[in-house]
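Let me begin by presenting the structure, written as structure tokens, before commenting on it.
All values below come from the heavy atoms of this structure, side chains included, with hydrogens, waters and symmetry mates left out. Every chain is numbered from 1 and lettered A, B, ... according to where its sequence line falls, protein lines coming before strand lines. Bear in mind that the values here come from a model prediction, so they are computed numbers and not experimental data.
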Amino acid sequence: MSAKGGVGKSVISSLLAIALSRDHDTLLVDLDIHTMALPKLFGYDGVLHEVSKEGIIPFRIAQKLKLLTLGGVVKGRTVILPGRNQERVMESLLGTGAIKEDVIVFDLPPGLGDEILVLEKVTDFLPLVVTNPSTLSVRVVEYLLKYLEEKGKNPLLIVNMSFMKCGSEVIRPFGSLNEQVSRRGLQIVELPMDETLNRFVGKIQEYRGNLLDEMYKLSSIINERMR
Amino acid sequence: MHEWSIADAVVRTVEDMMEGREGRVSKIVLGVPRISFLDVEILIEAFDELKKNTSLSDSRLEVNIREPSFTCQRCGFVFHLNDIKSQVDDLRSEFGEEYPLHLIPMLGPSFLTCPHCGSHDISGNDDIVVERVEIESTVKPS
């Protein structure tokens with residue numbers, strides 16, 4: 001989740017779900033009901049979910065990885081909904097989805113909207129808050145961190161696009177993380193930039209680059225926190 | 001096919017509701033908007049199958065098909081299913097079995113517009129809800 005758009009929530013949730021599915025039956029749920037990046041990342045754009053007696057059947061991406069998205073109900077059509085309908089559409093997607101997995105990764109839209117209220121209603125969860133190191137993103141994300149702290153949550157802060165390696169040199173194009181956030185005492189995970197990712201839009205399940213290695217490390221941290 | 005998952009959701013919802021409560025459920029009234037085009041016969045058949053071996057095994061499901069009345073939040077026009085019949089028919093023919101309002105009726109405003117001004121900002125009683133649960137006491141009078 002993030003209060004800021006464009007920081008890489010969907011890519012990170014996808015790669016994290018891929019990493020978690022090495023050891024667990026994992027379901028990736030797309031709660032970004034308006035823009036639905038996940039079917040685009042996995043190559044399921046315009047594909048409809050099948051429906052069985054058990055409900056909406058998530059797409060099977062790999063042996064232990066499935067994807068549930070509103071995109072699989074509306075077939076790539078634009079979803080424009082009055083606020084009052086949004087929460088109930090998300091709940092219906094979760095309520096009618098045939099969900100059996102041990103681990104669920106939710107990809108949320110940016111902001112502090114209905115999706116957080118829905119998540120609070122349906123399950124306890126470990127928040128992974130995504131930002132990039134830019135001053136504006138960090139300042140916007142602080143609203144969310146503050147809210148989660150008020151709710152007694154202890155989020156993991158993922159700082160995406162933190163650095164890139166050029167030979168032995170580490171370059172930080174957005175600078176270092178704002179000190180104010182560092183002082184909050186959160187567990188922080190910095191992720192590198194990988195320009196090859198763009199080539200995997202539509203087949204992200206085939207990506208084997210350095211971000212995936214970082215996701216295996218992140219999944220160990222999550223396993224530890226969830227224990 | 002979606003009728004089965006609705007029936008399953010009804011069984012789970014009412015069983016959760018009854019947890020820790022006295023009494024036996026005799027009847028459940030489910031409100032279903034006509035725009036979802038759910039098949040009532042299949043819905044009841046699915047419920048009767050899924051209630052077996054649950055605390056609802058003696059109950060029966062009654063389905064109340066509601067005629068939705070929509071209000072446009074932009075121009076205030078009040079309209080009914082008949083007024084948007086062609087929009088609904090187009091949608092059903094495009095999606096066939098997987099008609100999205102069959103699965104999630106609350107998606108209505110994404111696919112339908114006010115026949116007067118064309119706005120998507122429409123509201124109506126368009127969700128599937130458990131309207132009533134009738135419970136018989138299992139406590140014998142002393």
Side-chain angles (χ1 to χ4, degrees), chain A residues 27 29-36 39 44-59 66-100 109 113-115 117-118 121-123, chain B residues 1-13 16 32-33 35-36 38-39 42-43 45-47 49-50 68 70-74 87 90-91 94-114 118-130:
Chain A
L27 175 67
V29 175
D30 188 0
L31 278 190
D32 191 347
I33 59 170
H34 295 289
T35 53
M36 298 166 287
Y44 283 79
D45 206 11
V47 184
L48 283 173
H49 282 301
E50 285 181 17
V51 180
S52 79
K53 285 183 176 180
E54 294 170 321
I56 299 173
I57 307 297
F59 299 128
K66 290 183 187 168
L67 167 66
L68 178 66
T69 171
L70 193 64
V73 176
V74 302
K75 203 166 64 175
R77 289 270 290 259
T78 306
V79 173
I80 180 155
L81 285 172
R84 56 192 172 273
N85 290 51
Q86 292 173 21
E87 182 178 349
R88 282 152 78 191
V89 165
M90 289 180 212
E91 286 178 6
S92 296
L93 181 67
L94 294 173
T96 54
I99 299 176
K100 294 173 180 168
D114 303 79
E115 57 286 343
L117 301 176
V118 169
K121 198 189 285 185
V122 301
T123 184
Chain B
M1 194 65 89
H2 190 52
E3 287 81 359
W4 280 80
S5 57
I6 298 282
D8 181 51
V10 171
V11 171
R12 282 185 285 125
T13 302
D16 283 353
V32 171
I35 201 163
S36 68
L38 286 170
D39 187 318
I42 298 176
L43 192 53
E45 183 192 318
F47 177 82
E49 191 59 36
L50 294 169
F70 302 96
T71 305
C72 176
Q73 299 300 310
R74 189 165 99 180
Q87 294 184 41
D90 288 350
L91 197 57
E94 181 188 342
F95 282 85
E97 182 87 352
E98 315 298 353
Y99 166 67
L101 305 189
H102 183 62
L103 295 162
I104 305 178
M106 290 298 288
L107 276 171
S110 275
F111 295 99
L112 308 170
T113 56
C114 167
S119 170
H120 283 276
D121 194 0
I122 56 177
S123 63
N125 52 344
D126 45 5
D127 210 358
I128 301 167
V129 288
V130 174

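Checking A/T35 against A/D32 by side-chain atom types alone, a donor-acceptor pair falls below 3.5 Å. Side-chain contact annotation: B/Q73 with B/S123, donor-acceptor N/O pair under 3.5 Å present.
Looking only at side-chain heavy atoms (C-beta outward), B/E45 and B/E49 stay at 4.5 Å or farther from each other. Inter-residue side-chain proximity for A/Q86 and B/M106 is flagged as unmet; no heavy-atom pair is nearer than 4.5 Å.
Your options are B/D127, B/I128, B/D8, B/L103, and the one with the most heavy-atom pairs under 4.5 Å with chain A is B/D127. Ranked by heavy-atom pairs under 4.5 Å with chain A, the list B/I122, B/L50, B/T13 is led by B/I122.
When heavy atoms are compared at a cutoff of 4.5 Å, B/L112 does not approach chain A at all. Interface remark: A/I80 contributes backbone and side-chain atoms alike to the contact with chain B (heavy atom separation under 4.5 Å). Residue contact with chain B, scored on non-hydrogen atoms closer than 4.5 Å, is absent for A/I33.
Residues B/F95 and A/V74 share a closest heavy-atom pair of CZ-O, 3.6 Å.
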